[in-house]
> 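Provided herewith is a single structure, encoded as structure tokens, for subsequent inquiry.
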Amino acid sequence: MAAVVTGIGVACGLGHGKAAFRAGLFEAPDLFSELKREGREPAEGEASFLGVEMPELPEVLPTRLARSATLSGRVALTVLKEAWLEADLDAVDPERIGLVVGGSNLMSREQALAARDYAGRLSYLPPRHGHMFLDTDICGLCTSSYPIRGFSMTIGGASASGSVAVIQAMEAIRSGRVDVCIAMGALQDLSAYDLHAMRSLGAMGSARFADKPGKACRPMDADRDGFIYGEACAAVVLCRQGLTSKHKIYGELLGAGHVADGSRGPEPSSAGQVRAAKMALSDAGLGLADIDYVNGHATGTPAGDDAECETYRTLDLQHARINATKSILGHGLSAAGAIEVAAVLLQIREGRLHPTRNLENPLDPSFDWVGGEAVGHEIRHALKFSFGFGGIDTALVIGAPGTGARAR
Amino acid sequence: MDSNQIAEIIIAEIRETVPELAGQPITAQDSMAELGVDSIERSEVILAAMEKLGLKIPMVQLHGARNIGGLAELLLAKSAG
């Protein structure tokens with residue numbers, strides 16, 4: 001049984017809500033600059049971190065709740081509200097609705113600020129700090145604000161967390177555990193500590209284009225030097241097929257693959273990526289020839305993009321159009337998989353593919369990359385990759401509305 | 001510092017913690033629970049007031065106050081001791 005998507009909520013550097021997301025995705029404006037949020041200052045004498053920070057949040061929460069919730073929690077509630085209303089979930093039995101929040105160690109920036117602020121005065125630490133920095137506080141905020149009474153949980157997959165959440169939500173629908181499951185990629189609110197460590201690890205870029213932030217994020221380009229962070233959060237509402245009328249459907253989640261490749265740290269594994277893709281296709285009952293669009297994981301790390309191109313070659317994906325959403329939004333880490341699934345679904349609905357920014361010298365020119373301009377394309381079956389540190393490889397097959405029944 | 005001044009400190013912290021009480025009169029005779037301040041918020045209010053008074057004592061020593069005035073009396077006694 002396929003799960004269909006009936007609601008989407010998004011927040012990213014393009015703004016809050018789908019209208020800003022849709023418009024910005026196809027125009028691909030330059031959102032990148034030095035990071036300015038408190039707690040993201042570089043070490044003394046070192047270059048600022050580059051990336052994308054989202055605009056001020058709309059004030060949708062009661063003040064009392066807003067002051068006790070972290071940024072990750074407040075953003076989660078804004079995207080949930082948008083997805084909830086679009087999918088009309090007030091009409092669904094609360095005990096048949098689940099919530100899976102993708103991501104772990106989500107609120108490290110505010111936790112680091114609290115550790116700084118209460119150093120030397122630990123006795124006065126607000127008791128609330130005993131729960132507000134737990135990833136599950138997002139579950140608590142969401143389920144106390146909306147009638148979600150089936151189940152709620154967080155799930156970790158590093159940079160694949162958003163996709164792992166979608167896969168978990170698919171399984172909850174397929175097994176019959178719930179009729180509706182909301183998959184969220186939560187905001188990974190990075191601290192200077194995280195940013196510095198990932199830059200020294202060689203995973204995060206910004207050195208080569210330190211004075212040209214708009215050029216720094218360049219997935220699949222020969223001059224890339226690491227991923228560039230971008231704040232994001234997204235929720236997609238998955239429904240059991242038949243629960244809702246067809247005209248409201250964005251697309252169908254037809255198949256999923258999720259494997260462990262045996263790596264410990266950030267090193268990629270093309271073999272694991274290929275295995276995840278084949279598993280997702282087999283699950284969908286489709287072959288590689290059926291895939292007409294690939295949404296890459298494509299972070300812009302030197303080793304990661306090389307391994308991913310090798311995966312595309314092994315799978316003979318030369319016939320498919322390919323783009324990289326991170327070239328526009330930056331890398332949302334825990335949120336990336338979910339907001340990129342949202343990008344795939346909006347591209348299905350619009351019949352267009354968004355540009356890939358800064359793709360001036362593609363690593364492998366034999367592929368049909370979408371370059372600097374949006375192009376018209378009716379997606380039938382999309383393949384969406386997401387990978388995470390710790391040897392986590394995922395692939396999703398996402399179909400246009402109505403494709404699920406025919407694939408079987 | 002007398003207990004009225006301490007009560008004013010507590011009331012200011014209540015207003016900071018529960019902004020929704022703006023416009024509602026709060027006096028030393030009110031109890032935080034009856035004002036709708038939940039248990040985690042009550043702890044936050046008390047800790048913030050303790051810090052303003054430079055007081056470091058286990059919170060359990062402040063149990064038993066019936067209202068804001070009673071809490072102020074307890075805090076005053078601990079400050080003096």
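Chain naming here is simple, since letters A, B, ... match the order of the sequence lines and numbering starts at 1 in each.
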> Would one find more than 12 heavy atoms of other residues, nucleotides or ligands at under 6.0 Å from atom NZ of A:K18?
yes
> Residue by residue, which of residues 39-54 of chain B have a heavy atom closer than 4.5 Å to a heavy atom belonging to chain A?
B:I40, B:E41, B:S43, B:E44, B:L47, B:M50, B:E51, B:G54
> Are there over 12 heavy-atom neighbours, none belonging to A:E95, within less than 6.0 Å of that residue's CD?
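No, the 6.0 Å shell around CD holds no more than 12 heavy atoms from other groups.
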> More than 12 heavy atoms of other residues, nucleotides or ligands under 6.0 Å from CZ of A:R121: is that the case?
yes
> Check each atom of B:I57 against the heavy atoms of chain A and say whether the ones under 4.5 Å are side chain, backbone, both or neither.
neither
> Would you say A:Y193 has more than 12 foreign heavy atoms packed within less than 6.0 Å of its OH?
no
> Non-hydrogen atoms of chain B under 4.5 Å away: do they reach the side chain of A:R128, the backbone, both or neither?
both
> Would you indicate whether the side-chain heavy atoms of A:R64 and B:T17 approach each other to under 4.5 Å?
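No, every pair of side-chain atoms sits at 4.5 Å or beyond.
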